[in-house]
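Notes follow once the structure below has been shown.
The chains referred to below are lettered A, B, ... by the order of the sequence lines, with proteins before strands, and numbering in each begins at 1.
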Amino acid sequence: MFSLLTRSGLTLRRSHAKRSPVSSISAQFLDIRWFVSDSRRPEQLLEHLTEPQREAVTHATGPLLVVAGPGSGKTRVITHRAAYLACTVTQPQHILAITFTNKAANEMAERMRRLGVAGATCSTFHSFCARLLRMYGDRVGLGPDFSIYDEADQTAAIKQAIERLDLDAEAFTPSKMLNAISKAKNDMIDATQYTEQARDWNEKVIAPVYTAYEQILAEQNAADFDDLLIKAARLLGDHADLRDRLEDRYRYVLVDEYQDTNHAQYLIARGLCLQRENLCVTGDPDQSIYGWRGANIHNILQFEEDFPSAKVVRLEQNYRSTPQILAAADAVIRHNRKRKRKELWTGNAAGRPVRVAGCDDAQSEAAFVAGQIGEHVAAGGAYGQVAVFYRVNALSRNIEAALRDASIPYQVARGVAFFQRKEIRDTLAYLRLVANPLDQVALRRIINVPARGLGEVTVERVISHAAAVGRPVLEVLGQPESIAGVGPRAAGSLREFTRMLTDIAAAVRQGSLQTALEQTVRQTGLAQMWSRDEDDDAIANADELINFAAEYDRQHADGSGSLTDWLQQISLVADQDAIDPELGAVTLMTLHAAKGLEFDVVFIVGVEDGLLPHERARDRKAEVEEERRLFFVGMTRARRNLTISSADWRDRRGMSQRTSRSLFLAELPRDKIALLRIGEDGQPNGDETADEETPASSDEFAEWRQGQLVRHPKYGVGRLLWVQPRGGRTHAGVKFAAHGQKTLVLEFAKLQAVDSDDAD
DNA sequence: TTAGGAAGGTTTTTT
DNA sequence: ACCTTCCTAA
């Protein structure tokens, strides 16, 4: 965001008075016990609701599952239900609503306030757990100022673990290890259990790393993202007194996007509702898109078994999209075999057909999108009602360039990217160290940034000395002369470094984060380093960070803020949090980030084999189904117009490569879509030239895709490089192990598919 | 110890 | 194309 957000040619710098997209997350806990502002009668809340919606809203006690199709008014039901409960059976402060992003949490709080209910807690799982751990973390080995390690910090910790074990297991990259550890954590398998269960060679290598990694996190008073959830789950599981206290506080619990909860989140939701079972979950199995990070779709599928007394309400009427859009999305999702049947329908008026645009290359695709947005606005539409979705972030580049060229304002939903920038991480590392002196990942990051003559050798000496005398590193830093092997020069630098930290800590105690940050940037020499390197981006971004701190200061003028809390907010920022709907700009984001949003006009670009479904998912049926759900989520965001595009050529790794179209395109219903052919200029080439593009003759090979293994009677086994319908025949490039690359016509080549699908 | 260049590996999605 | 890491020279 910030500078990323404002890359468009137009001026989008927001004034300070305006709410910064990410600063809005600070309001996430709304514990203020206000009065229910008007004496709204409960019946009023039921007006304008359909029968099933009303059923869900008025179901007061006991478990409730709301299976809500896209655009079925789910958010409305949730907020009305919370409001209804608050003025019939309970008070606002006894309601806990858990959503997927901070942005959604804020929105829910805001909508409830508009319904006259203030004081409910609206939060994400991660924020809720973090706050819980700040209070009760001592029971699971965390001090109140623990650091939250993101992926980069985790990687650093893993590297430390590997070093400590004297392992040079280059067979695994740290990120592979991290994945394995994260997966284990998501299943609530701790390092001890993992070690006991380790069967194959992989697991036996990873087990000691997992153990060492956990040790390092504990030493540094740090928790990774997974820890937030699993430590909170353990807290609830092991401490009945705490559970009782929380259950008394939160008597009605509501979990949104339940299809994307993992095992730890499931345990937390359960743990909060053991006695009253006033748990209401909402979600849609067809929109489960986070299986890859441990989400367990069975949580929602088995809700009725978990809670035999559960009431189930299905919301199937769609109020969002045109019948064409809904029918197209429905036709696609029906191809998923592991699925509960659901009938989607809408009473909305017919609109335009869904458009499927085949483009020459990624540039013409981008130009096409920009041109169409221009036309939309020329016809009276607003930029703010347009979104472009893609499978991978890298695809935003072309689109951004084309929008800039066309002077179209846009925002990219990449809230986290800002905080991952080097200059921001460096600056924050100083503050992290002040908040949590045990945060060695932060220490190692900046002890020699900017360079002050403290090399690897010195740092290791200091750290091992600290370990030897059993004192915290920061304490040892202050008396460098007592460390063997540290010369006078290094000692001077160490003292200077310690003094800077002390000064920053003092500035933080003064209560202004803005001042503390300004001082950090100046005193540490970071600012000087950036100007020396003429790194204008770094300077601008650091300024943005300072503004962000200033905004926090302003919102916590009453003294309710803290450095730890500010850092926590930053750690838990989501990409979606960076979107400002008021900005009046086109929104660019990944399909994952699109969940829960809606726009009048939607473009889904790069719908090509290998991209959607992504090549990493393509070999496993379950993963292809998740990719299909992702496509479904994207399609169903559209209210009025939906355009799906693919390019015949796309740059990958610097080289232009032939693509083949996504198998999902063949699943769109012919009669609901309009096919377009887009030339180099990004203009449609006549309307009905699409026929040669449709794989009319090649239905037989429609399922064949890039990367698939095939067997040729003469050449043996090979892999499909590309598949392209051409004039009633299907051409394909195949790379054979023994005979190199060949171009074949599938109708004649007598290729057999070699099935590489894993049963999952 | 640092800087700078060459080589080499790498790419999904994210709280 | 891009980033990280490794290597070498100063």
List the residues meeting side chain to side chain donor-acceptor pair (under 3.5 Å) with A/Thr155, not counting sequence neighbours, and say none if there are none. none
Using the C1' atoms only, state how far C/dT5 lies from B/dT12, rounded to an integer number of Å. 23 Å
For A/Lys231, enumerate each residue passing the salt bridge (Lys or Arg N to Asp or Glu O under 4.0 Å) test, keeping only those at least two apart in sequence or located in another chain. none
Residues in salt bridge (Lys or Arg N to Asp or Glu O under 4.0 Å) contact with A/Arg637, at least two apart in sequence or another chain: none
Would you tabulate the nitrogen or oxygen pairs shorter than 3.5 Å linking the protein to nucleotides 2-9 of chain B?
residue	atom	partner	partner atom	Å
B/dT2	OP1	A/Asn448	ND2	3.4
B/dT2	OP1	A/Gly453	N	2.9
B/dT2	OP2	A/Asn448	ND2	3.0

Suppose the criterion is salt bridge (Lys or Arg N to Asp or Glu O under 4.0 Å): which pairs have a residue in residues 449-460 of chain A, not counting sequence neighbours? A/Arg444-A/Glu460
Let me have a per-nucleotide readout for nucleotides 10-15 of chain B, 5' to 3', with B, S or -, counting only protein heavy atoms under 4.0 Å. BBBBBB
Qualifying residues under side-chain contact (heavy atoms from CB on, under 4.5 Å), relative to A/Lys422, sequence neighbours excluded: A/Asp426, A/Arg445
Expected string for nucleotides 2-10 of chain C under the B/S/- scheme (protein heavy atoms, under 4.0 Å, primed atoms plus P, OP1, OP2 as sugar-phosphate) is S--S-----
Sequence neighbours excluded, which residues qualify as ring-ring contact (aromatic ring centres under 6.0 Å, His included) partners of A/Trp292? A/Tyr290, A/His592
Please name all residues satisfying ring-ring contact (aromatic ring centres under 6.0 Å, His included) with A/Phe664, sequence neighbours left out, ordered by chain then number. A/Phe631
Test salt bridge (Lys or Arg N to Asp or Glu O under 4.0 Å) applied to A/Glu151 - qualifying residues, sequence neighbours left out: none
According to side chain to side chain donor-acceptor pair (under 3.5 Å), who are the partners of A/Thr587, at least two apart in sequence or on a separate chain? A/Gln411
Measure from the side-chain N and O atoms of A/Asn436 to the backbone N and O of A/Arg432, and report whether any donor-acceptor pair falls under 3.5 Å. no
Mind checking the C1' distance from B/dT13 to C/dT4? Whole angstroms is fine. 22 Å
